[in-house]
Amino acid sequence: MSDLPNKSLLASSFYDNAKITKKGLYWITPVFVLVLYLLVMTGFFWLQQIHKESVMFVTVDEETKQERLMFFVMALSFIIIISLLALWRYTRFRSNAEAALLAETSFRRAMENSMSTGMRVLDMQGRIAYVNPAFCRMMGWNEADLLGKSIPYPYWVPGKYDEHQRILDILMSGKTPSTGLEVEAQRRDGSRFTSRMYVSPLRDPNGEQIGWMTSMTDITEPKRVREALTAAHERFMTVLEGLDDAISVVADTPAGLELLFANRTYRRLFGSQPNGHSELMGGRRGRFSGVTIEQYAPSADCWFEVHHRMLIWTDGRKVRMQVARDITERRKHEEDSRIQQEKIQLTSRLTTMGEMASSLAHELNQPLTAIANYNMAIVAMIKSGNISQEKLLSALEKSASQAERAGKIISRIREFVKRSEPRRQSTPVAKIIDNTLDLADIDARKRRIKIEANVPEDLPNVLADPILIEQVLLNLVKNGLEAMANSEADTLYVNAYLHDKQIEVRVVDRGHGLKEPERLFEPFFSTKSEGLGMGLNICRTIIESHHGRLWAEANPEGGTIFRFLLPCAPKEQHQEQ
């Protein structure tokens, strides 16, 4: 008992306050007894003194008796003093213990009143024996309204007494789970809330149970938030599971990739192993993020468009998330579209050459006729025997020159018409323009129109398929020549410029002009009575496939300006060229 004050967990201010309050009480009783003893002893010695003075003669026996009586009185006085000191010490200890108990009770009461958890005590018959202020605030009832109440309690929800009774039976039977019980209650104003109740037995100092201590916490808002989060998670998982994209999350571990999440599409394609994620990574283990690639997965026999991102997992680890979309059908359609586009481009080239057939025949007829004439002249010289080595050599050289001219025309036509796979390469713009004008010059001479090309010498190369670009440029030049058929102007200009890391080519004619230049590129729209309206649409498709742009605008001086942009070739390819 003497160590109780030292083991107290009370704050010093509480203990000191209790000690000062009780300080003047514990010494009153011992002091009163001591004063009374002193008065008795004073009276005893005073009576002894009177007796000695009144007796003239005292015998030896009486003197011995007086000494023994004095010794006995002194011994008794010593015992009384010791007893008084012990009583004073015990009284002081008891006073300190009471002060400590009072301070601790006040401290616990203050702590209990400040807490938000509602405390309630039920006796063994189920009557409410105690409630703290938090419980009263929680229920909206006063302490006087609750103490001594039996079932049904004022805070029970009407219409749910059976459920409340079942919970109370579980509580009274001592079978309350350690996780607590979820209880719905009704406040005095009629509003309802949900609480979680925890129960423990209440025992007296002898260890005998005298009731049940319950603690209740309002979980209405946490429950609402938890239910909202659960619903949101369910919706999110429903969306993820319903996506056609394969979504997977993996973490790098010493043993390899660890699959942390995979939706239904991923599991259907690759199972529940990280092998599919590894296939879609394409062997890249770097920390790339926000990059989209196209990757073939042999195990699924499909092409995927894969988007990769690094993110922080719930446990703080950096993980890899992949979203893979099956693009097998799209690639098949793109391939079919590419093949069809090649066929259309070939048809367009053949159509262009068909339209130029008469001019080409006339153009080829001239060198062939010249070759025949030179050969006939050589034969005549040989038959006449008048052979001059210089004349013979001159005739043969002129015949060979005309044959070479015809061969170049045939080679240019064959190269333009033949079908080939698109092959983008670093090509000088001047070469593309020269090759195109060689073909267009035949039609230009027939129409008596001069084509003037302006190409700077230091112009960078373009990254393009030269045959396709020649097809576009030839189509634009041919349209310009046709537009200038009845024009007084006799010059068509083909210019090239460097424009913001791109090469711009312009075909400027002085023809009749157009009211709606942009409609020229619509499919099946044509200003020609015999035209199909597909040529310029194909030209725009070719330019856009090269990441360029083709458009038309009115010429301020009359006519139309066709313009298209092509990207410059990288410097490395330009140097190789």
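Numbering starts at 1 and runs along the sequence shown. Only this structure's heavy atoms are used, side chains among them; waters, hydrogens and symmetry mates stay out.
A pairwise comparison of heavy atoms in P274 and L257 identifies CG-O, 3.4 Å as the closest pair. S426 and L463 make their closest contact through N-CD1, 4.2 Å (heavy atoms, listed as atom of the first residue, atom of the second, distance). Of all non-hydrogen atoms in R127 and G148, the two that sit nearest each other are CD-O, 4.1 Å. P158 approaches Q186 most closely through the heavy-atom pair CD-OE1, 3.3 Å. A pairwise comparison of heavy atoms in C568 and K501 identifies SG-O, 3.4 Å as the closest pair. The shortest non-hydrogen separation linking V462 to I503 is CG1-CG1, 3.4 Å.
No side-chain heavy atom of R549 sits less than 4.5 Å from a side-chain heavy atom of E544. Residues M139 and P154 are not in side-chain contact: their nearest non-hydrogen atoms beyond the backbone lie 4.5 Å or more apart. When side chains are defined from C-beta on, F270 does not count as touching N275, because their heavy atoms never get closer than 4.5 Å. With a 4.5 Å cut-off on side-chain heavy atoms, T265 and I247 do not count as touching. Side-chain atoms of S248 and N263, non-hydrogen and from C-beta on, never get closer than 4.5 Å to each other. Counting heavy atoms from C-beta outward, V505 and L566 have side chains that stay 4.5 Å or more apart.
Surrounding CZ of R196 are more than 12 heavy atoms belonging to other residues, nucleotides or ligands, all under 6.0 Å away. Dense packing is recorded around CG of D204, with more than 12 heavy atoms of other residues, nucleotides or ligands lying under 6.0 Å away. Few gaps surround CD on Q125; more than 12 heavy atoms of other groups in view lie less than 6.0 Å from it.
Panel note: side chain R267, backbone A262; a donor-acceptor pair is recorded below 3.5 Å. No donor-acceptor pair under 3.5 Å is formed between the side chain of S195 and the backbone N or O of T217. Proximity of a side-chain donor or acceptor of R264 to a complementary backbone N or O of E241 within less than 3.5 Å is detected. No donor-acceptor distance shorter than 3.5 angstrom exists from the side chain of N142 to the backbone of A144, with no hydrogens or angles considered. With D123 contributing its side chain and A129 its backbone, the two residues share no donor-acceptor pair below 3.5 Å. The main-chain N or O of E208 is never found under 3.5 Å from a side-chain atom of N206 such that the two would form a donor-acceptor pair. For T220 (side chain) and T194 (main-chain N/O), a donor-acceptor pair under 3.5 Å exists by modelled atom type. Looking at H308, its side chain never comes within 3.5 Å of a backbone N or O of R320 through a donor-acceptor pair.
Taking NE2 of H546 as the reference point, atom CD1 of I543 lies at 7.0 Å (rounded to 0.5 Å). The CZ atom of F261 lies 9.5 Å from the CG atom of L259; values are rounded to the nearest 0.5 Å. Here Y155 contributes atom OH and H164 contributes atom NE2; the two are 9.5 Å apart, rounded to the nearest 0.5 Å. Taken from CG in L202 to CD1 in I210, the straight-line distance is 4.5 Å, to the nearest 0.5 Å.
Using a 4.0 Å cut-off between charged side-chain N and carboxylate O, R224 and E221 make a salt bridge. In this structure, R506 does not pair ionically with E553, as no charged nitrogen and carboxylate oxygen lie closer than 4.0 Å. Under the 4.0 Å criterion applied to side-chain N and carboxylate O atoms, K160 and E184 are assigned as salt-bridge partners. Salt bridge annotation for R317-D315: present, with a cationic side-chain nitrogen under 4.0 angstrom from a carboxylate oxygen. Using a 4.0 Å cut-off between charged side-chain N and carboxylate O, R187 and D218 make a salt bridge. A salt bridge links E504 with R563; the closest basic N to acidic carboxylate O contact falls under 4.0 Å. Between R330 and E294, at least one side-chain nitrogen of the basic residue sits less than 4.0 Å from a carboxylate oxygen of the acidic one, meeting the salt-bridge criterion.
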Between F135 and V121, is a side-chain contact (heavy atoms from CB on, under 4.5 Å) present by the stated rule, with each step listed? CA-CA 11 Å; F135 187 88; V121 175; over 6 Å; no

Would you check, one step at a time, whether the test side-chain contact (heavy atoms from CB on, under 4.5 Å) holds for W212 with L171? CA-CA 8 Å; W212 300 94; L171 187 154; 3.9 Å; yes

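The closest side-chain donor-acceptor pair between T214 and R120 falls under 3.5 angstrom. Side-chain atoms of D301 and Y296 include a donor-acceptor pair closer than 3.5 Å.
The side chain to side chain contact (heavy atoms under 4.5 Å, CB included) search around D169 returns Q165, not counting sequence neighbours.
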